[in-house]
Amino acid sequence: MKNGNVQEFIDHIYYGDELWFRYKGRLYFLEGWSNENHLDLKLYEMHENGKEYSWKGDNKKYPVDEFINAKI
């Protein structure tokens, strides 16, 4: 992340905010939502045939640690 505040970025993920960001030159979109009593995260790689990643949380918090530790 260039010129960004990592802690602020992580804080936004904990709230399930929608975030656009670049990582290793690729554009991504991250969103959180409530899904059948779970707080989930979904990451989209924003280019043709881009990959999608998802993490299922519990009913109290988004799976932020799983997202942070994931290989992308």
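- Once rounded to the nearest 0.5 Å, the distance linking CG of Asn35 with NZ of Lys42 reads 9.5 Å.
- Hydrophobic clustering of Ile, Leu, Val, Met, Phe, Trp and Tyr side chains at less than 4.5 Å, counting indirect connections, keeps Tyr62 apart from Tyr44.
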**OP:** Just do the side chain to side chain contact (heavy atoms under 4.5 Å, CB included) check on Ile13 and Leu30 with the steps written out, would you?
**Re:** CA-CA 8 Å; Ile13 299 171; Leu30 178 69; 3.7 Å; yes
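- Both Tyr53 and Val64 sit in one connected hydrophobic cluster of ILVMFWY residues. Membership requires side-chain heavy atoms under 4.5 Å apart, directly or through other members.
- Interatomic distance, Asn5 CG to Asp11 CG, rounded to the nearest 0.5 Å: 8.0 Å.
- For the atom pair CG of Asn59 and CG of Leu39, the computed distance is 7.0 Å after rounding to the nearest 0.5 Å.
- Taking CG from Asp40 and CD from Glu31, the interatomic distance works out to 10.0 Å, rounded to the nearest 0.5 Å.
- Residue Phe9 is tested with Tyr28, Tyr23, Tyr14, Phe21 for a ring-ring contact (aromatic ring centres under 6.0 Å, His included); the sole match is Phe21.
- The distance from the CD atom of Gln7 to the NE2 atom of His12 is 10.5 Å, given to the nearest 0.5 Å.
- Each of Ile10 and Tyr15 belongs to its own hydrophobic cluster when Ile, Leu, Val, Met, Phe, Trp and Tyr are linked at side-chain heavy-atom distances under 4.5 angstrom.
- Under a hydrophobic clustering in which Ile, Leu, Val, Met, Phe, Trp and Tyr are joined whenever their side-chain heavy atoms come within less than 4.5 Å, directly or via other members, Val6 and Trp20 fall into different clusters.
- Considering only heavy atoms from C-beta on, Lys56 stays 4.5 Å or farther from Leu41 through its side chain.
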Please assess Leu43 against Phe67 for the test side chain to side chain contact (heavy atoms under 4.5 Å, CB included), listing each intermediate value before the final yes or no.
CA-CA 9 Å; Leu43 178 68; Phe67 167 75; 4.1 Å; yes
inquiry  = Would Glu45 and Glu52 count as a side chain to side chain contact (heavy atoms under 4.5 Å, CB included) here? Give the steps.
reply    = CA-CA 6 Å; Glu45 194 175 39; Glu52 293 182 9; over 6 Å; no
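- The shortest heavy-atom contact between Lys60 and Asp58 is N-OD1, 2.8 Å.
- Summarising the geometry, atom NE2 belonging to His47 is positioned 3.5 Å from atom CZ belonging to Arg26; distances are rounded to the nearest 0.5 Å.
- When hydrophobic clusters are built by joining Ile, Leu, Val, Met, Phe, Trp and Tyr residues whose side-chain heavy atoms come closer than 4.5 Å, directly or via intermediates, Leu19 is grouped together with Ile72.
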